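Heads up, the thing below is written out as structure tokens.
Note that ligands are numbered from 1 as they come in the structure, with each ligand's atoms numbered from 1 the same way. Here the structure is a predicted model, which means the values were calculated and not measured.
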Amino acid sequence: MYLVLKEIRKSFRNVVAVNNVSLEVKKGEWITILGPSGCGKTTLLRIIAGLEQPDSGQLFLEGHDITYVPSRYRNIGLVFQSYALFPNMNVFDNIAFGLRAMKMDEKKVHARVNELLEMIRLKDLAIRFPHQLSGGQQQRVALARAIAPHPRVLLLDEPLSALDAAVRQHLRWELRRIHQVLGITTILVTHDQEEALAVSDRIVIMNHGNIEQIDTPFHVYSAPATPFVASFVGTSNIFKGIIVSKNSILIGEHEIETMFDLSQKLGEEIIAIIRPEDIKVSKKDNGDEFLFNKIPGIIQTKVFLGAVTRLWIGISDGLVIVADSSGTSAENWKEGENIFVLIPKYALRLLDTVGVPKVTSSP
Ligand SMILES: Nc1ncnc2c1ncn2[C@@H]1O[C@H](COP(=O)(O)OP(=O)(O)OP(=O)(O)O)[C@@H](O)[C@H]1O
């Protein structure tokens, strides 16, 4: 493995920011650390960069223990949310800064900076100063400056969050393209789940200093390992139920059939997760009972979100289920209307209620 974090722990007074985190990153991989504010993402990134010392645990890069190697000897590139360019230097000199600090021959500096200016598509702006650039342009310069000295790892801490939505989307693909061309091992920290799903090879979901799941974007979304992951990545209906037959669970007063064999767990509590987009809503009692659980309900709230129309549906016992219908169907539904909720048996995901986060990983 290229980069290995072994049981890294870091506290600030009585706050455990990072709690025995272990992670293995392959060479050239793009890993995204995703989690809510305060979950320890930045602290973990700062430990990898050498800007923070862990209380315990070890860090290996290319097989070498770098836990106590000072930041400047790690050859790790960093890009932060604030562009942090040198205001008194033009674009060219900003990108050249690290190369000149390494005492690189000036001819080589010119060649490398020009190559990077080409890559970030800012060749025409080389003599501009940071205050003459847009936020997106400044962030591209910060990226070029970070990758100029061929870092062994590129760390990105919310690099796009200060930019408006359109620029953010565009730069996201620029970053991904540059990663594909250069193959730099990259670790991105973000709280933006869409960004994480779009660009990563694997996502690390953190919560309260712990890793809840390490997996591909597809698996994090389709097979969340914990209720936290299910609720943090996308929207989920999360219900507590009891196993009442070999393939069904009782949620409130509704017996819901699943595709699982639950005969070994009869009587146990279980958590059922259902994605809103998997649920169908029908005006008529005509769902295929072989495939669907059919529950009568009343539309409590309808919100048009563009691509989808989100419905909050009361299904008795005080339970509310969220279902997404297509955006074009918005006019079909009325608040207060009686409808049927169709839950496909194959769409239920079940988790134990034990509550201990299970770390799953797939290569
Ligand atoms: N230097 C510090 N002194 C004291 N507490 C700190 C320090 N740095 C971080 N913390 C605390 O450690 C916890 C994790 O902080 P961290 O910045 O790593 O979270 P984060 O997930 O990056 O959050 P955000 O997305 O808001 O930046 C928080 O409770 C934070 O208040």
Review point. Any Lys/Arg nitrogen of Glu106 or Arg100 sitting under 4.0 Å from an Asp/Glu carboxylate oxygen of the other?
Key: yes
Exercise for review: Before accepting this row, confirm whether a basic side-chain N of the pair Arg176/Asp201 lies closer than 4.0 Å to the acidic partner's carboxylate O.
Suggested key: yes
Practice item. Could you tell me whether Asp215 and Arg202 have a side-chain N and a carboxylate O separated by less than 4.0 Å? Key: no
Pairs of nitrogen or oxygen atoms, one from ligand 1 and one from the protein, closer than 3.5 Å: please tabulate them with distances.
residue  : atom   : partner : partner atom : Å
ligand 1 : 18 (O) : Thr43   : N            : 2.9
ligand 1 : 18 (O) : Thr43   : OG1          : 2.5
ligand 1 : 19 (O) : Gly40   : N            : 3.3
ligand 1 : 21 (O) : Gly38   : N            : 3.4
ligand 1 : 21 (O) : Cys39   : N            : 3.0
ligand 1 : 21 (O) : Gly40   : N            : 3.1
ligand 1 : 21 (O) : Lys41   : N            : 3.1
ligand 1 : 21 (O) : Lys41   : NZ           : 3.0
ligand 1 : 22 (O) : Thr42   : N            : 2.9
ligand 1 : 22 (O) : Thr42   : OG1          : 2.8
ligand 1 : 23 (O) : Gly38   : N            : 2.8
ligand 1 : 25 (O) : Lys41   : NZ           : 2.9
ligand 1 : 26 (O) : Ser37   : OG           : 2.6

Point to revise | Contacts of type side chain to side chain contact (heavy atoms under 4.5 Å, CB included), residue Lys103, not counting sequence neighbours | key: none
**Study point:** side chain to side chain contact (heavy atoms under 4.5 Å, CB included) against Leu305, all qualifying residues, sequence neighbours excluded
**Key:** Val303, Val308, Arg310
Practice item. Only counting residues at least two apart or in another chain, list the ones meeting side chain to side chain donor-acceptor pair (under 3.5 Å) with Trp333. Key: Ser325, Ser329
